[in-house]
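Scroll down for the structure; my scribbles are underneath it.
Only heavy atoms go into these numbers, but all of them, side chains included; no hydrogens, no water, no symmetry mates.
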Amino acid sequence: MPIEDASDHSTVQPAKSHTDRRNFLRSTAAASTFAAMTVPSMVHSEEATKKQTINLGIVGCGGRGSGAINDSLSINEGIKLVAAADLYADKNERLKSTLTRRHPEKIALEENKMYTGLDGYKKVLEDPDVDVVLLTTSPGFRPYHILEAVEAGKHVFAEKPSCVDPAGYQICLKAHELAEKNGTSIVTGTQYRRQVNYVGAVDKIRSGMIGDIVSATSRYCSTGIWYKNRAEGMSDTEYQLNNWMHFIWLSGDQITEQAVHNIDTMNWVMGSAPISAYGSGGRFTRPDDSEMWDNMEIDYMYPGDRNLSFMCRQVPGTRGDNSNVIYGTEANCHIGAGSTGSRIVDRNGKELWSMKGSIADAYKQEHKDLIDAVRSNQPIVELKQTAESSLTAVMGRMAAYTGQLVSWDFASKESTLDLFPKELAWDGKRPAGEYAIPGKTKLV
């Protein structure tokens, strides 16, 4: 599995009208039933592709944003990029230059529709020419941006994770409900849900090929991650936004920002969110001002007394492992990361089934499904399932950070953890990085 998900996400600030998350905690239902999982259709409507041009806008023109918009432009016909927003003008310009070389007929990005600054995203959402907006900033902003986009009547592609704390989860539930009411689509960047060997494996598990699920293991272990030194003259805010992976209010730590892919896969396999999380971890290699840990080990307990042993790690020089194994009463299912495929073997090691899959195709498929849904007027709204997987990751982080057992009911109904700053100015001050210490860090 490539770790491009943890590359440069550019960041913009939500409108001030949404900066008090606790209003959403009071007004939004505190829990949701995990959506029943269905195999997504891989068939594209020929009629849909013949309809009107669909205009795209993008918020966040860094590495993940560039990849997402390129995937959409590559797989879809009859679309144009017409608006972009980023903190920095040069990222808008680089995005336009790169995409114009690759997709010259699909770029209609004028200078007056390339917005900058913390509030630049609002211009994209206010643009009547924009039909679909891609939200690819650092994750801390995601719940706000999604909700505001839905309120603005835009169809949405939202990168994962959809939230980094329980307060953001509540906002996502509100956005999901509003999108269903308004008939606007929200497709999320959980590409494994559209990778054929993942879909095939889940289908075989559902059909009973491995018997009853007993337990599972899942790993998202890689080498180190990028770190950006502070440039001269940077304010606290600008520095943290540029070095966003290392500040929990922006990234949610590795388990939330990156390893949520495998957590989402396991929630899909298990058919629900877990009941509880208990875990540990620590830090050995992070820079002094980084708030991140570099390893976590979480035991997630799912309904039916089924345990998931989950591990994520980013330590230079260590062996990578991004595998998933589901242990059944009759056989075991191995779901490999990236494009390594899936297979089911019986207790004697005999292969019963296998399937190859391409992660590159899956990245594109999510964008194809979104545009087809818009054209056919058959909305896809999948934010809730991604929000629940994101909160599952957050619940594991909360358990590790505090050393406590954390239940789903607590995380989804009772927790008041809200990491987003109440005030955020480009030239403003921010608290220095401070990492969690189990036994001292409180569960809230």
Side-chain angles (χ1 to χ4, degrees), residues 1-7 37-49 54 56 58 63-79 81 98-99 102-103 106 132 134-136 155-161 185-206 218 220 222 258-269 320 322-324 333-344 353-376 378 380 382 385-386 389:
M1 170 67 189
I3 60 172
E4 60 147 355
D5 308 276
S7 65
M37 301 306 164
T38 58
V39 176
S41 172
M42 298 294 167
V43 179
H44 308 139
S45 167
E46 290 185 5
E47 291 184 0
T49 62
I54 294 175
L56 310 183
I58 185 168
R64 185 77 288 272
S66 298
I69 190 65
N70 182 67
D71 286 333
S72 187
L73 295 171
S74 297
I75 195 66
N76 291 303
E77 297 299 327
I79 64 172
L81 176 64
T98 299
L99 295 177
R102 295 176 179 175
H103 313 282
K106 297 179 181 179
V132 176
L134 285 69
L135 303 176
T136 57
H155 301 280
V156 174
F157 172 78
E159 259 302 343
K160 54 78 207 135
S185 287
I186 305 177
V187 169
T188 60
T190 50
Q191 70 277 352
Y192 286 153
R193 299 264 183 165
R194 290 175 168 86
Q195 187 164 333
V196 293
N197 65 292
Y198 279 71
V199 174
V202 173
D203 184 50
K204 292 299 181 183
I205 292 170
R206 293 278 189 275
S218 182
Y220 207 120
S222 62
Q258 188 183 64
V260 68
H261 280 303
N262 285 15
I263 289 173
D264 180 64
T265 297
M266 299 315 300
N267 277 4
W268 181 19
V269 167
N322 290 343
S323 63
N324 305 279
C333 181
H334 298 255
I335 306 177
S339 299
T340 55
S342 302
R343 60 193 180 96
I344 292 176
W353 170 86
S354 66
M355 180 180 284
K356 296 180 180 180
S358 165
I359 192 170
D361 291 345
Y363 273 119
K364 292 181 176 65
Q365 185 69 44
E366 56 197 9
H367 294 281
K368 184 65 176 174
D369 288 352
L370 173 57
I371 297 302
D372 283 358
V374 173
R375 283 207 170 99
S376 63
Q378 296 181 342
I380 299 171
E382 59 189 32
Q385 72 183 23
T386 307
S389 294

Could you tell me whether a side-chain N or O of T340 sits under 3.5 Å from a main-chain N or O of A337, the two making a donor and an acceptor?
-> yes
Rounded to the nearest 0.5 Å, the CD1 atom of I335 sits from the CG atom of N322 at a distance of 13.5 Å
Which atom of V196 lies closest to which atom of G357, heavy atoms considered | CG2-CA, 3.9 Å
Exercise: identify the closest heavy-atom pair between A201 and W353 = N-CH2, 3.5 Å
Give the minimum heavy-atom separation between P161 and V260, together with the two atoms involved.
-> CB-CG1, 4.4 Å
Heavy-atom side-chain proximity of E77 to K106 below 4.5 angstrom | yes
For R343, does its backbone N or O pair with a side-chain atom of H334 as donor and acceptor, under 3.5 Å?
-> no
What is the distance from atom CD of Q365 to atom OG of S358, rounded to the nearest 0.5 Å?
-> 11.0 Å
Point-to-point distance, once rounded to the nearest 0.5 Å, from CG of N70 to CZ of R102 = 4.5 Å
Any Y198 side-chain heavy atom under 4.5 Å of V202 side chain = no
So CG of N262 and CG of N267: to nearest 0.5 Å the spacing works out to 11.5 Å
Would L56 and I371 count as a side-chain contact (heavy atoms from CB on, under 4.5 Å) if you check the C-alpha gap in whole Å, the side-chain angles of each, and the deciding distance to 0.1 Å?
-> CA-CA 10 Å; L56 310 183; I371 297 302; 4.1 Å; yes
Answer whether the closest heavy-atom distance between the side chains of K204 and I344 falls below 4.5 Å.
-> yes
Paired with D264, the side chain to side chain donor-acceptor pair (under 3.5 Å) test is passed by just one of R193, K160, Q191, namely R193
Looking only at heavy atoms, what is the nearest atom pair of T188 and E382, with distance?
-> N-OE2, 2.9 Å
Side-chain (R206) to main-chain (V269) donor-acceptor, under 3.5 angstrom = yes
Would you mind reporting whether S66 and T98 have side-chain heavy atoms less than 4.5 Å apart?
-> no
Least distance between heavy atoms, S389 atom then I263 atom = O-CG2, 3.7 Å
From N76, I54, I58, residue fulfilling side chain to side chain contact (heavy atoms under 4.5 Å, CB included) relative to V132 = I54
To the nearest 0.5 Å, how far apart are CD1 in I69 and NE2 in H367?
-> 7.5 Å
Would you call D369 and R194 a salt bridge, taking side-chain N to carboxylate O under 4.0 Å as the test?
-> yes
Describe, in one word, how the ring planes of H261 and Y220 are oriented to each other, choosing from parallel (under 30°), tilted (30 to 60°) and perpendicular (over 60°).
-> parallel
Does Q195 use its side chain to pair, donor to acceptor, with the backbone of S339 at less than 3.5 Å?
-> no
Considering all heavy atoms, the nearest W268-Y192 contact = CZ3-O, 3.4 Å
State the CG-CD1 distance between D372 and I380, to the nearest 0.5 angstrom.
-> 8.0 Å
